Every structure is written in structure tokens, then in C-alpha cells.
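A short write-up of the structure that comes next.
Since we're looking at a predicted model, the values are computed, not measured. As the structure lists them, so they are numbered: ligands from 1, and atoms in each ligand from 1.
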Amino acid sequence: MKIETFELERLQSIWENRVDVNLTESGLHPFSLRELLDEEEVDQVLDLRLGYGWTNGEPSLRQAISGHYANTTPEEVLVTSGSAEANFLAMWTLLEPGDEIAVMLPNYMQIWGIARSLGVEARGFRLREVLAWAPDLDELRAIVSPRTRLVVVCNPNNPTGAVLSRDAMEQILEIASSVGATVYADEVYKGVELDGREGPSFRDLDPSAIVASGLSKALAHPGLRIGWLAGPADFIDAAWHRNDYTTITTSVISEHVATIILRPDRRREILDRNREMLNQNLAMLVDWTRRRPDQFHFVPPRAGGMCFLRYAANVNSTDLATRLRNEKSLLVLPGDVYGMDHYLRLGIGERGEYLKRGLELLGEAFDELQARVAG
Ligand SMILES: Cc1ncc(COP(=O)(O)O)c(C=O)c1O
């Protein structure tokens, strides 16, 4: 099977630990176990027996996850190794060569790439910057067909941080159902809305919808590698069968810690810390771009740990990112990884000092670029 390089991930895999400042992270500054756990919880972890556990997810963890969705039982949840595995298993389970899918663009490009490697036709419908990154639903209506198996969305969106209105969610469900397709939503950034208003999950609106989520982004714990699928029981069972061929299970340590993180009070505390960090960092970025109105423009994100910045310079985004990496030891994601030149994705979920340093480097590079053009 041929695969296309997953540029967005490959670039990070190669460079993220080799630069001084890495602003490609789309999640929130992670906790250490010491910060997260109290003494009693540390003892619980030390006493865990390191067996395989439950390959579909420890029952109390599946119970905790199902509690976050309306009309979802623990049998409708599969715990996976990150939401990346959730997306992979779902596509492997649901798609056949010759199928079509309609994918919100821009998007984390994993599903796009997997689908194409499976011989599926992926068609895009766009979020429009002029609409503050709301989706063009006429375009969605135009691209679905009786062969459309899934309508794939990322909500809140990577990379724009846009959040669908309830009305848009309902229209997407209705358009999907008009051609017999299922809505598949990657909701890994849900919970860290900057205004504190967490919207519904697609699963709350329609029990046939399938969602992927996990602890890596809004909940700030990518190192645990805990994700999940929530969807109809027959789909979850079929995905579990495939999980026997991929990772078998996650880790009992991660699942135990995940159950603690998902306790309502603990989840709230983590999300509150994250929201505060994001709001402070966003204010810093807004202030910084105001001082550079001819160079940068962006629609402020409504959720998630990143901003999608449009820049005004006659330089390709991959060339620019390469220059930033080589000359400033600053890593950012070029818009090219989303097929959108003249944008950069900047992570804003790190500590303020770190972001400040990254912005200084970016500013220096732009000033030098303009001086070169002028000279
Ligand atoms: C939208 C989206 N889904 C899934 C993933 C994969 O994350 P993980 O496997 O760490 O949960 C990412 C990572 O950047 C993402 O942005």
C-alpha cells in the first residue's frame, strides 16, 4: 500500500527536539505526574500490576468517558493509543476502496492521508477566513454523493481554532444523512474554549455520529497516549477487532492516570488552568500583531492551542519555516502542510515566556526579510 507523507507530523517528528523554540505544539503545556497526582494517587500508581489490563479500555475509564456524552454507554467507547490511533482504526473499519468522504479543510491531515491510501476519494469543503473560519456548507452540499461514506470534521478545528455553531453542526448532520453518510468528528480540542463555553459534541446531537477524542490537546497530557472512539456499539466492536492488529491495548498506568484526569473536578481544574494560559498568550499575540499590522493578520481562535496566522511577504511558507528553523532555531508549521501557502501555524499553549521568545525570533526574522527586500 502506498502512503503519502504526512507532512504536518513528519516535520515535527524530525525537528521538534532539535530547535531552541518549538512553536509547532498544538496542545497545552503538559503536567508532570508530580504536579498532577497527590500522595495517595502516587501510591496507587506504584501498586499497579503491569499486566495488559482490558484491551478495549479499563471499565471505569470507559465509564468516565461515556459520561461526557449524551446517550453513550461504556460499550460504545473504545480506548485507543492517542486519538491518532482512534482516527486510524475508524478509517480502517469504515472505509472501502471506491468510497468517498467529505473532509473539512483545513484539517489535521491524518484522515485525508489514510483515506487516500485506502483508495478512497477525499473531497474537501472549506472553512472560509472571510466568515471567521465558518464552513462553506453550500460547498459541502455540492460535494456529497450517494458514495459519500463519511463527513469528516475537526471541531474545534486544527489549525484555525474555529468552533462550529450549533446550527452549522445540525446542518452538517442533515447534509450527511441526506446521502446516507455518517458524521465523524475529531473533537480532541474540545473543552478548552477561550470563552469557557463548551459546546455540544456531535454525539450529543446524533447517536449515529462517531467521535474521536483524547487527553493530548485540551487536557494537556499527550505523553499518556490515551485517546478514544465513541460511537454505535457495532462500530466500536468492529474497531476493537482491528485494535487486535494494531496496538492490542494502551498502558495500565496511562489508563489509571486518565481515569483520575477525567474526574469532573480534576478535568475542570486542568481546563481552567489551560484556558487561563491560552487567554494570556492570545492577548500577547494580539498585542504583538497589532504592532506589526502590515506583516500579520489572524482571526483569533475560539478554542485549542494554536493560531493560524496569515503573513504578508512574498515568500513561500515552507521556505519561510525552513529559514526560521535554520537561522533562528525556531520551529513553526508552514501553511503548506495544509495546502495553504502564506500562513503559519503557531502554538500558543506553552508558557508565556516561551511564546514571547518565539515571537521575538519571528519578529526579528521578518524585519530582516523586509530589510533584505528593501536593500
Ligand atoms: C485534530 C487532531 N487529532 C488527532 C491528533 C493526534 O493526537 P494524539 O494521538 O496525541 O491524541 C492531533 C495531533 O496533533 C490533532 O491535532
Task: Ionic contact status for Arg290 with Asp287, cut-off 4.0 Å - done: no
Task: Of Arg275, Arg302, Arg267, the residue whose pairing with Glu198 passes salt bridge (charged side-chain N to carboxylate O under 4.0 Å, His left out) - done: Arg267
- [ ] Flag the pair Glu360 and Arg357 as a salt bridge only when some basic side-chain nitrogen lies within less than 4.0 angstrom of an acidic carboxylate oxygen.
- [x] yes
Task: Nearest protein heavy atom with distance in Å, relative to atom 5 (C) of ligand 1 - done: Tyr108 CE2, 3.4 Å
Open item on the list: What I want to know is whether Ser216 and ligand 1 share at least one N or O pair that is separated by under 3.5 angstrom.
Closed with: yes
Task: Carboxylate-amine/guanidinium contact Glu35 Arg273, below 4.0 Å - done: no
Open item on the list: Looking at Glu139 and Arg126, is any side-chain nitrogen of the basic one under 4.0 Å from a carboxylate oxygen of the acidic one?
Closed with: no
Open item on the list: Taking ring-ring contact (aromatic ring centres under 6.0 Å, His included) as the definition, give me every residue that meets it alongside Trp288, ordered by chain and number, with sequence neighbours left out.
Closed with: Phe296
Task: Shortest protein contact, atom 1 (C) of ligand 1 (heavy atom only) - done: Asp186 OD2, 3.3 Å
- [ ] Considering the heavy atoms of Val188, write down every atom of ligand 1 situated less than 4.0 Å from one of them.
- [x] 1 (C), 2 (C), 3 (N)
- [ ] Select one of side chain, backbone, both or neither to describe which atoms of Lys217 lie under 4.0 Å from any atom of ligand 1, heavy atoms only.
- [x] side chain
Task: Per-atom contacts of ligand 1 with Tyr189, taking only distances under 4.0 Å to non-hydrogen atoms - done: 1 (C), 14 (O), 15 (C), 16 (O)
Task: Per-atom contacts of ligand 1 with Gly82, taking only distances under 4.0 Å to non-hydrogen atoms - done: 9 (O), 11 (O)
Open item on the list: Using a 4.0 Å heavy-atom cut-off, which part of Arg225 comes near ligand 1: side chain, backbone, both, or neither?
Closed with: side chain
Task: Parallel, tilted or perpendicular, as decided by the 30° and 60° cut-offs, for the rings of Phe366 and Tyr311 - done: perpendicular
- [ ] For Ser26, counting its heavy atoms only, list the atoms of ligand 1 lying under 4.0 Å from any of them.
- [x] 14 (O)
Task: For Val77 against Arg62, the heavy-atom pair lying closest together - done: O-CD, 3.3 Å
Task: Min N/O separation Asn158 to ligand 1 under 3.5 Å - done: yes
Open item on the list: Please classify the Ser83 to ligand 1 contact at 4.0 Å (heavy-atom distances, strictly less than): side chain, backbone, both or neither.
Closed with: both
Open item on the list: Between ligand 1 and Cys154, can you find any atom pair, the residue atom being a heavy atom, that is separated by under 4.0 Å?
Closed with: yes
